[in-house]
Amino acid sequence: MKNLWNDKEAEQFKGELAQRVYTSRLLGQDTRLVLHGGGNTSVKITETSITGRSEDILYVKGSGWDLVTIEEAGFAPVKMAPLLELAKLESLTDPQMVNELKTSLTLATAPSPSVETILHATLPYKYVDHTHSDAIVSITNTDQGEAHIRKIYGDQVVVIPYVMPGFDLARLCAKIFATEASDNTIGMVLLNHGIFSFSDNAKTSYDRMISLVNQAEAYLAAQRAWEITMPPSTPSAPNIVALATLRHDLSLAADKAMIVTRDTSQIANDFVHHPDVAQLSQQGPATPDHVIRTKRLPLLGTQLNSYIDHYVRYFNTHAPQAKDEKAMLDPAPRVVIDPDLGLLCAGQTIKDAFIVRDIYQHTIEVILRASALGGYQALSAQDLFDMEYWDLEQAKLKKGGTQPPFTGEVALVTGAASGIGQACVTSLLARGAAVVGIDLDSKVTQIHDRPDYLGMVCDVTQPERLQQVLTATTHRFGGLDILVLNAGLFPGGCRIETLADEDWRKVMAVNLDANFSLMRASYPLLKLAPNGGRVVVIGSKNVPAPGPGAAAYSASKAALNQLARVAALEWGADNIRINSLHPNAVFDTALWTDEVLQSRAQHYGLTIDQYKRNNVLQTEITSRDVAELAAELCGALFAKTTAAQIPVDGGNERVI
Ligand code: ZN
């Protein structure tokens with residue numbers, strides 16, 4: 001592990017807190033030390049209060065901050081005096097502790113101080129660094145963990161047996177440290193948890209962390225337990241309906257829609273096919289950041305009986321994303337290992353699922369290294385249980401909070417690169433759905449750069465390509481809940497007598513046949529949507545009121561409309577709802593260039609503005625108007641509605 005300290009960089013960080021920011025970021029850069037908000041750091045600074053009193057303040061990492069991106073505002077300033085008084089208490093419940101920490105802050109708007117705050121306060125050093133180093137966790141999750149640690153470090157570190165993070169751990173550390181620390185002590189190892197280093201300056205504390213962890217890594221290497229070796233495997237190619245079935249069942253167990261993503265990394269695939277995977281994977285978590293339980297799901301059909309289900313509950317102090325978002329404690333697994341489906345990671349959002357994935361990749365390394373060192377041995381079931389029902393976690397659960405309505409759901413939008421399709425993507429993302437956008441235009445891959453959006457170039461008239469899209473959707477997000485059929489062609493005016501076969505067929509192929517293919521291919525997935533499948537068809541005013549010169553367009557949209565009505569009849573029993581929107585005169589789409597608008601307006605003797613508002617309500621209809629209604633059709637308001645056809649046209653006399 002490289003020491004990343006750079007004198008030039010460090011000079012930019014002036015002051016004691018700024019130096020704390022700098023080395024915290026250095027720690028955060030190495031995922032072998034901390035992952036996703038794990039680890040915490042602090043600095044003790046003497047300040048003058050508003051009334052002129054001099055007081056010692058502990059600046060400790062606040063919840064919701066990640067070391068790699070932390071700023072000065074990410075450190076919660078807590079008065080040292082009350083912390084040191086608290087540390088003398090015999091006991092303190094977690095809710096009491098949380099209350100005391102909050103009321104000892106000097107800044108009302110500060111983030112919540114870490115639950116390891118009191119531990120930081122009691123260590124008699126200015127700078128304290130704490131990580132969950134993979135190497136330390138690997139070594140201490142073995143039956144000879146403590147012996148190995150003592151062999152590696154001698155009197156350089158004080159060793160603390162495993163205790164759940166919180167007041168009891170702080171108290172135990174203070175007690176052992178007071179009796180066992182010597183002039184040689186530069187760190188503290190917490191078995192099954194991680195490591196602390198400290199010093200009176202930021203650089204030395206950081207240097208010590210790196211040097212201590214390097215000693216652990218070197219020890220593992222010397223014991224031939226550092227390099228990961230697994231029998232090579234070939235990637236599994238799972239059936240997407242089996243994947244969506246798993247997601248459905250997992251969502252039922254969680255009592256909410258869940259995103260399930262496949263980890264296709266080499267290490268994940270090799271682990272899934274490891275001959276000892278059942279035994280290796282069922283032994284518990286790597287660190288108290290997350291709990292992996294070995295309880296089986298109660299249900300899940302015959303196939304699932306073969307699943308090795310794995311429960312990752314990452315929570316607490318060290319995973320602020322998980323902590324600050326919704327309650328994580330439900331009975332559904334967060335990691336599922338299956339020889340056919342691969343390694344699957346679940347979360348309410350793709351962000352959560354990716355956190356699980358990253359944690360589990362490190363867990364695999366920890367398990368394999370610990371096994372190579374003499375046998376992986378994680379915390380006892382009792383410790384895991386205690387952690388799971390930890391007061392702090394319960395408190396978090398109660399806090400709850402509202403989430404966007406489509407959180408955990410997956411939508412597919414066709415024709416997503418521009419206009420109504422692009423607006424639908426935005427409306428669905430805003431409601432918490434993960435969205436796959438497809439389009440012939442490669443711009444579709446770039447309209448959003450965020451993990452919950454996947455853009456794919458796709459010619460919807462190619463059924464094989466549509467199948468690839470559904471496969472990619474299911475591999476990345478676990479299934480499909482919402483389908484928005486928007487892609488369509490609107491060729492310029494052409495009367496029947498001059499309409500070529502080829503042009504007729506082209507319009508039918510895109511506006512009708514492609515939607516039929518996609519509906520048919522999506523059905524097995526929509527049927528497995530935890531909250532019921534939903535299809536929105538972007539129709540046209542031309543369905544109820546066709547126009548001259550648009551024979552192919554009007555006929556294709558009318559046929560699509562009839563297809564949707566039949567689907568509503570056939571799929572209603574599968575809890576799939578299909579509703580149609582009939583927009584008209586939506587001018588902010590790719591079809592309508594300024595020139596076309598100008599010439600159409602002139603044709604009717606209107607200004608462009610008059611032309612745009614040429615409807616009963618005299619209002620302009622935008623892509624966003626259509627998209628918002630399309631999204632709402634998939635929501636609770638229309639939960640009891642199927643086969644509806646709703647105009648979005650400002651009122652059209654021919655339709656009314
Ligand atoms: Zn920790």
Side-chain angles (χ1 to χ4, degrees), residues 410-431 433-450 452-462 465-466 468-469 472-473 482-493 503 506-507 509-515 517-518 535-542 550 552-553 556-557 560 580-601 608-609 611-612 619-634 648-650:
V410 186
L412 173 60
V413 179
T414 69
S418 61
I420 293 172
Q422 185 179 4
C424 285
V425 171
T426 303
S427 294
L428 289 162
L429 285 172
R431 285 165 176 77
V435 182
V436 178
I438 62 174
D439 204 294
L440 207 49
D441 185 341
S442 64
K443 212 184 101 203
V444 76
T445 59
Q446 282 144 31
I447 59 172
H448 292 282
D449 181 16
R450 42 191 283 177
D452 52 359
Y453 176 75
L454 175 64
M456 293 181 76
V457 178
C458 173
D459 177 351
V460 291
T461 64
Q462 304 295 318
R465 183 61 185 154
L466 289 175
Q468 287 167 4
V469 164
T473 302
I482 294 168
L483 178 61
V484 180
L485 299 174
N486 165 69
L489 285 182
F490 182 77
D503 294 337
K506 199 172 156 197
V507 173
V510 174
N511 292 4
L512 180 61
D513 301 354
N515 287 320
S517 295
L518 184 53
V535 181
V536 177
V537 176
I538 306 297
S540 167
K541 180 231 43 170
N542 280 39
Y553 179 78
S556 67
K557 286 288 187 180
L560 174 61
S580 301
L581 291 181
H582 294 322
N584 189 37
V586 180
F587 296 116
D588 60 341
T589 68
L591 301 173
W592 291 90
T593 60
D594 285 349
E595 285 160 359
V596 176
L597 260 177
Q598 184 72 44
S599 86
R600 295 310 296 163
I608 288 187
D609 189 57
Y611 180 67
K612 281 183 174 175
T619 185
E620 192 179 331
I621 299 116
T622 64
S623 293
R624 184 170 183 275
D625 296 327
V626 181
E628 285 290 293
L629 188 51
E632 283 305 310
L633 275 176
C634 302
V648 197
D649 57 7

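The figures here come from the full heavy-atom set of this structure, side chains too, leaving out hydrogens, waters and symmetry mates.
The line from SG of Cys634 to CG of Leu629 is 10.0 Å long, rounded to the nearest 0.5 Å. For the atom pair CG (Leu560) and OG (Ser540), the distance works out to 10.5 Å, reported to the nearest 0.5 Å. In this structure, CE in Met456 is found 9.5 Å from CG in Leu412, a value given to the nearest 0.5 Å. In this structure, CG in Asp439 is found 10.5 Å from CG in Asp459, a value given to the nearest 0.5 Å. Note that CG of Leu581 and CG of Asp649 are 10.5 Å apart. Values are rounded to the nearest 0.5 Å. Distance check: Thr461 OG1 to Leu466 CG gives 8.0 Å after rounding to the nearest 0.5 Å.
Among all heavy-atom pairs drawn from Gly488 and Asn511, the shortest one is CA-OD1, 3.1 Å. Closest approach of Val457 to Arg465, counting heavy atoms only: O-NH2, 2.7 Å. Shown here for Tyr553 and Pro491, the closest heavy-atom pair between the two residues is CB-CD, 4.4 Å. Listed here is the closest heavy atom pair of Gly437 and Ala416: CA-CB, 3.6 Å.
Relative orientation of the Tyr611 and Trp592 rings is tilted, given thresholds of 30° and 60° on the angle between their planes.
A donor-acceptor pair is defined here as one N or O able to donate and one able to accept, closer than 3.5 Å; such a pair exists between the side chain of Lys443 and the backbone of Ala417. Judged purely by atom type and a 3.5 angstrom limit, Lys557 uses its side chain to pair as donor or acceptor with the backbone of Ile538. In terms of modelled atom types and a separation under 3.5 Å, the side chain of Asp588 and the main chain of Thr622 share no donor-acceptor contact. Thr414 places a side-chain N or O within 3.5 Å of a backbone atom of Asn486 that can act as its donor or acceptor partner. Within the 3.5 Å criterion, the main-chain N or O of Ser427 finds no donor-acceptor partner in the side chain of Arg624.
When side chains are defined from C-beta on, Val444 does not count as touching Val425, because their heavy atoms never get closer than 4.5 Å. Residues Arg431 and Glu628 meet the side-chain proximity criterion, which asks for heavy atoms closer than 4.5 Å. In this structure, Val484 and Leu428 have side chains that are in contact, with non-hydrogen atoms separated by less than 4.5 Å. A 4.5 Å side-chain heavy-atom check between Val586 and Val626 finds at least one atom pair inside the cut-off. Between Ile621 and Pro583 there is no side-chain heavy-atom pair separated by less than 4.5 Å. Between Val435 and Val413 there is a side-chain heavy-atom pair separated by less than 4.5 Å. Taking the side chain as every heavy atom from C-beta outward, Ile482 and Val536 never approach each other to under 4.5 Å.
For Arg450, the side-chain contact (heavy atoms from CB on, under 4.5 Å) test picks out Leu429, His448, Asp452, Tyr453, with sequence neighbours left out.
No more than 12 heavy atoms of other residues, nucleotides or ligands shown are found within 6.0 angstrom of CG on Asp449.
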Checklist entry - Run the side-chain contact (heavy atoms from CB on, under 4.5 Å) check on Val460 and Ile438 step by step: do they pass? => result CA-CA 8 Å; Val460 291; Ile438 62 174; 4.0 Å; yes

